[in-house]
Amino acid sequence: MKLKFNRWTEEEFMKVREEVLKQWPTGAEVDLDEAVAYHKALPDHKNFAKKLIDAKEKGITLAQPRAGVALIDEHIELLNFLDEKGGADLLPSTIDSYTRQNKYEECERGIIESRRAGRSLLNGFPGVNHGIEGCRKVVESVNLPLQLRHGTPDARLLSEIMIASGFTSNEGGGVSYNIPYAKSVSLERTLLDWQYVDRLIGWYEEQGVSINREPFGPLTGTLVPPSMSNVVQILECLLAAEQGVKNITLGYGQCGNLVQDVAAIKSLREQAEEYCAELGYENMMITTVFHQWMGGFPEDEAKAFGVISNASVTAALSGATKVIVKTPHEALGIPTKEANAEGIKATKMVLNLLEGQNISDSEELNAEVDLIKKEVKAIMDKVAELGNGDLAVGTVKAIEQGVIDIPFAPSMYNAGKMLPARDNQGKIRYLEVGNVPFSQKIVDFNKSALEERAEFEEREVGFQLTVDDIFAVSKGKLIGRPE
Ligand SMILES: CCC[C@H]1O[C@@H](n2cnc3c(N)ncnc32)[C@H](O)[C@@H]1O
């Protein structure tokens, strides 16, 4: 099938579907009409899309952890612990790495060995292998809406099974689950495969079942300039809307300067609304999600709580609809359920203390919003030009040419020419723009901000700023000052 931006016809979708459902035996269990009836019988309080709309209307920020283990009963116990002891507002099922690579045979072995070992030997929940019956047991045993969170370039079968099981949100996208997660999967492939996922959700939407989609905001989580991550979010928003998705949560990974982070969320929300209106998508329900610090964490748990609480302040003040919670075990690995619950409790304490507060408009905030929007527009205009108006084709070409360029990405298709670094207030600026099509004025502004820091630190502007910034937080600071 040739990549094009336009909505797939139902015939195109159903034809591809026949192949997708054959990829593993549990695919045969999916019956869309039965699944629609199952969703309609679920209580409203278990629908992710509805809970997000409610939070947006109330102006509150919901807290959601990441969590996933190999076996169903232990996964249920974990999720209920995070609800009852942690106070989670929304629940995940973080999917294991084998499933993310479509290696279901390995998942099968991992499940058997986990049973034998009496503990999870997979780093997440193998939803494909558990099938509809297993996933529905999770849906029926917890009391909050469920979302599958993963990093899967080809999530077609996983999405079919887990959405049919009653999960009402799905994270990912054709760029955001390729560039940071894959080494050699082409963008055409993942954009097509994620158009399939969005078309599936568009199909549910047509039947009156609202399912939320959430492009993965942080990308590589390493000094990604806000305008660059916002472009990917807006493109994946438009790609999903074209396939009939209505309820979308756009994401952003904390960078660390409070004003820039608040500006990033504000400009993301506003510009996504503007682009959806411009392209004629009506009745869109756009929400935002703020990811707590995605970079290196301190091992010391008290310091880790400092990072978590600081991120929670920004989440609350940004007005994000949701915050994805980190845990005091972040530097160690998969958290215990107790540590995971503690991360949620610390987060909710801060959210509650700041409820109703936000940072008022200031010259600094408005200037940052304006800059981010200008940088986003420059890239979006080029994407449209490269695709001759087709944003899907344009996205592939933009990545090929480094117009969209994500720092420190594993994908061989990413140009890797653009370089970021922090200015003297810790805001992320473009050190090298590579082929990112900014005006000279924007290039100069970014450069001068970095020159101001270099002068303060009595050193040259250069790649060493970037390197020092990458390690700074795990060493207890935001800006990588010379030692
Ligand atoms: C983009 C996702 C990275 C984050 O995702 C967390 N993560 C991954 N797998 C699990 C899991 N099975 N349970 C709880 N958290 C998990 C990592 O710690 C990291 O913060």
Side-chain angles (χ1 to χ4, degrees), residues 63-72 74-83 85-86 88 90-101 107 110-111 114 119-127 130 138 146-153 155 158 170-173 175-182 214-222 224 229 232-233 249 251-254 289-299 301 304-305 307-308 311-312 315 322-344 346-347 406 408-410 473-474:
Q64 181 184 11
R66 297 182 174 97
V69 290
L71 303 179
I72 293 164
E74 287 74 4
H75 189 63
I76 289 167
E77 182 197 353
L78 167 62
L79 295 182
N80 282 327
F81 187 88
L82 298 179
D83 171 9
K85 298 286 186 285
L90 295 165
L91 288 174
S93 283
T94 301
I95 304 300
D96 73 285
S97 295
Y98 285 132
T99 302
R100 299 179 186 194
Q101 303 299 314
C107 290
I111 291 167
S114 297
R119 63 189 178 87
S120 182
L121 297 181
L122 295 174
N123 63 352
F125 183 76
H130 287 317
V138 176
L146 279 162
Q147 174 185 48
L148 54 147
R149 302 185 71 84
H150 38 109
T152 312
L158 175 68
N170 191 1
E171 186 190 32
V175 178
S176 62
Y177 269 9
N178 180 327
I179 297 293
Y181 282 99
E214 179 187 329
F216 177 57
L219 302 172
T220 55
T222 310
V224 182
S229 63
V232 173
Q233 295 300 292
T249 305
Y252 171 74
Q254 180 185 18
V289 54
F290 183 82
H291 291 250
Q292 293 182 355
W293 180 247
M294 296 294 285
F297 252 67
E299 289 191 19
E301 293 203 12
F305 278 116
V307 176
I308 290 165
S312 302
K322 187 171 88 167
V323 58
I324 304 296
V325 177
K326 286 284 173 126
T327 82
H329 286 182
E330 179 58 20
L332 311 175
I334 304 283
T336 61
K337 67 178 185 296
E338 291 79 7
N340 209 337
E342 286 175 347
I344 305 166
T347 298
I406 308 302
F408 315 109
V473 172
S474 43

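Both counts, for ligands and for their atoms, begin at 1 and track the order of listing.
A tilted orientation is assigned to the rings of F216 and Y177, their planes being inclined by 30° to 60°.
Closest approach of F297 to A331, counting heavy atoms only: O-CB, 3.5 Å.
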Nitrogen or oxygen contacts under 3.5 Å, ligand 1 side and protein side:
| unit_1 | atom_1 | unit_2 | atom_2 | d |
| --- | --- | --- | --- | --- |
| ligand 1 | 12 (N) | G68 | O | 3.0 |
| ligand 1 | 12 (N) | N123 | O | 3.0 |
| ligand 1 | 18 (O) | E330 | OE1 | 3.0 |
| ligand 1 | 20 (O) | K326 | NZ | 3.1 |
| ligand 1 | 20 (O) | E330 | OE1 | 2.7 |
| ligand 1 | 20 (O) | E330 | OE2 | 3.0 |

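Between Y252 and H291, the distance separating the two ring centers is not shorter than 6.0 angstrom.
For the 3.5 Å distance criterion, the side chains of N340 and T327 fail to qualify, holding no donor opposite an acceptor. With 3.5 Å as the limit, one finds no donor-acceptor pair spanning the side chains of S93 and Q147.
With sequence neighbours excluded, the residues forming a salt bridge (Lys or Arg N to Asp or Glu O under 4.0 Å) with E330 are K326, listed by chain and number.
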